[in-house]
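Presented below is the structure to which this report refers.
Along the sequence shown, residues are numbered consecutively beginning with 1. Counting starts at 1 for both ligands and their atoms, in listed order. These numbers come from the heavy atoms of this one structure, side chains and all, not from hydrogens, waters or symmetry mates.
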Amino acid sequence: MSDLQQAAVAEKEQGGFSQFGLSSEILKALADLGYKTPTPIQSKAIPYVLEGKDVMGAAQTGTGKTAGYSLPVLQSLLYFANTSVSPARHPVRMLVLVPTRELADQVYEDIKNYAKYTTLRVAVVFGGIDMSTQTGALRAGCEVLIATPGRLLDHVQQKNVSLNQTQVLVLDEADRMLDMGFMPDLQRIVSLLPKQRQNLLFSATFTDEIRKLAKQFLTDPVSVEVARKNATADTVQQIVYHVADDDKGALVEFLLKKHPNEQTLIFTNTKLGASRLARWLERRGGIKASAIHGDRTQQERMAVLESFRNGEVNVLVATDVAARGLHIEDLPFVINFELPYVAEDYVHRIGRTGRAGAQGTAVSFYTDKDTKLLAEIEKLTRKKLSPVVPEGFNPREYAMKPGGHAGRYERPELGPYHSVGLMKKKSEDPWFDRPYEPETQTGAKPSSPVKSKEKPLAFLLGGGPKKTE
Ligand code: AMP
């Protein structure tokens, strides 16, 4: 037996990736990435996907689900791998639909890495950037296509891509796709695919709506679950600090200074809140903060993310929608500056830390008006989260205004020019200072920045459905 064969046998015995009978090209790519043992979702899903079964996977981001569905599909697609330059020899065979551009980019990077020693072509399309840059890759042909639904339909319409040879459809973060109103787009896309195909659906939560979606698109699916429904990862230490609204900024500063070298992701409930908090933190000295939200262009979001990844920025302030699909290795610290309006978002938020077995801490700020939100989170996660007073924290030591008015510190949620009591500078907020405009008969405020009255919550969370694509 050669050394390589011996190593493969040893790995198999230890429960490595070769137990699934994956090809040497794929195993080599995994070895390059340092993947030694499959994560629980991978152990469970890979054999079923290899068998060609439809799979419904309950797994939150960070569990390794991307490799869970893509490795076995790549393995089956190897049969079609070829080096021909003819686009006709590279039709789309695997279509991965995702809700956001960040997730699209992340899944693309992962699958491209897994397929790097094969001749299978991987491409990605998402909104927010020029279509023409994506058209070349589509026209050249790709066996694996990762896409956000709206942009994919734009390309279909322009005849840049045909989906009639798709053998495998993956719906990744299906719950979020439904939340963002992609159902009509999904239906249109599915109508363009061959009826005979394999379907894989992954979702962090399994609501009745998701089950309905699964019933519509999947055939006799196997359910694969890695954690209890809506459970939060055990590797995340969850702390809830009871804090006065006015002291939140000071508490962020206190925590950041206590953990000076930790990459931290802070969640706010609004885009405006994210920008303001980032700006305010930047002024505290020693903190390099940046905001990421739906109003930023794709290029800006990518640039911010890159500077966070490479450590130039150590605090990223994000809204839920913008943070969806963000992938950052070993993020140790997540702060919920506000509790999310939707309990499921709490699970997604804290899932940013404690990924793939690493330890993480998730701190949430709780104020007296948050009783109901906290109760909903506790119900969903089936975990008691008792708020505690942050030990050693004296708000007056932090964020004092120059000149030192004891007890008067800025309120980041009101913007950098505000302080409690002393500074009476008028708010210059374009949102809250708008004069009241009566509703028209159709129910829309003519020049309201909130264009649709239908989705005020989605708007507050960081943007309407199409914007974030
Ligand atoms: P995902 O849930 O697919 O976003 O994956 C979360 C992170 O875990 C990604 O950075 C993957 O590269 C990484 N990962 C996935 N599977 C493994 C594995 N078996 N061993 C080590 N890291 C992994």
Side-chain angles (χ1 to χ4, degrees), residues 11-12 14-22 26-47 49-50 55-75 94 96-116 122 124 144 146 170-177 200-205 224-227 230-236 263 265 305-306 308-310 318 323-332 334 347-360:
E11 203 215 18
K12 195 165 178 174
Q14 288 159 21
F17 280 94
S18 48
Q19 66 181 299
F20 304 118
L22 299 174
I26 296 178
L27 291 177
K28 191 159 170 248
L30 296 180
D32 285 359
L33 290 166
Y35 292 13
K36 288 194 175 64
T37 38
T39 64
I41 190 77
Q42 291 162 3
S43 298
K44 289 185 182 175
I46 291 175
V49 181
L50 279 171
V55 172
M56 211 163 98
Q60 57 195 76
T61 301
T63 52
K65 65 184 163 56
T66 316
Y69 64 71
S70 62
L71 296 177
V73 177
L74 289 176
Q75 176 66 33
M94 175 192 198
V96 183
L97 295 177
V98 296
T100 62
R101 19 186 151 168
E102 281 82 9
L103 186 62
D105 196 49
Q106 180 54 47
V107 168
Y108 169 66
E109 289 296 329
D110 281 349
I111 300 186
K112 213 172 54 169
N113 270 329
Y114 305 148
K116 73 178 178 182
V122 186
V124 65
V144 181
I146 297 105
V170 182
L171 302 176
D172 196 348
E173 298 205 350
D175 47 352
R176 185 53 55 142
M177 281 200 273
L200 311 171
L201 179 153
F202 285 81
S203 180
T205 54
V224 175
E225 214 167 329
V226 281
N230 290 327
T232 43
D234 290 339
T235 47
V236 181
Q263 293 294 95
L265 180 59
L305 198 54
E306 193 42 45
F308 186 62
R309 282 208 185 108
N310 67 26
R324 250 345 241 203
L326 282 192
H327 174 77
I328 301 123
E329 297 279 350
D330 298 328
L331 189 65
V334 168
V347 179
H348 294 308
R349 287 180 179 189
I350 74 163
R352 303 285 142 190
T353 181
R355 288 172 152 224
Q359 276 297 332

Which of the atoms in ligand 1, numbered in the order shown and given with their element, are less than 4.0 Å from a heavy-atom of [X]?
| X | result |
| --- | --- |
| G64 | 1 (P), 2 (O), 3 (O), 5 (O), 15 (C) |
| F17 | 19 (N) |
| T66 | 1 (P), 3 (O), 4 (O) |

N/O of [X] under 3.5 Å from N/O of ligand 1, yes or no?
| X | value |
| --- | --- |
| A67 | no |
| Y35 | yes |
| Q42 | yes |
| T37 | yes |

With the side chain counted from C-beta on, respond yes when V73 and V49 share a heavy-atom pair under 4.5 Å apart, and no when they do not.
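They are in contact (side-chain heavy atoms under 4.5 Å apart), so the answer is yes.
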With a 4.5 Å limit on heavy-atom distance, are the side chains of K44 and I41 in contact?
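No, side chains not in contact.
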With no hydrogens and no angle check, is any side-chain donor or acceptor of E225 less than 3.5 Å from a backbone partner on A59?
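No, E225 side chain to A59 backbone: no donor-acceptor pair under 3.5 Å.
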Contacts of A104 that satisfy side chain to side chain contact (heavy atoms under 4.5 Å, CB included) - sequence neighbours left out:
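Counting only residues at least two positions away or on another chain, A104 forms a side chain to side chain contact (heavy atoms under 4.5 Å, CB included) with V98, V124, F126, I146, T148.
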State which residues pass salt bridge (Lys or Arg N to Asp or Glu O under 4.0 Å) with K28; sequence neighbours excluded, sorted by chain then number.
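Partners of K28 under the salt bridge (Lys or Arg N to Asp or Glu O under 4.0 Å) test: none.
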Please state whether the rings of F17 and Y35 are parallel, tilted or perpendicular, taking 30° and 60° as the class boundaries.
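Rings of F17 and Y35: tilted, as their planes differ by 30° to 60°.
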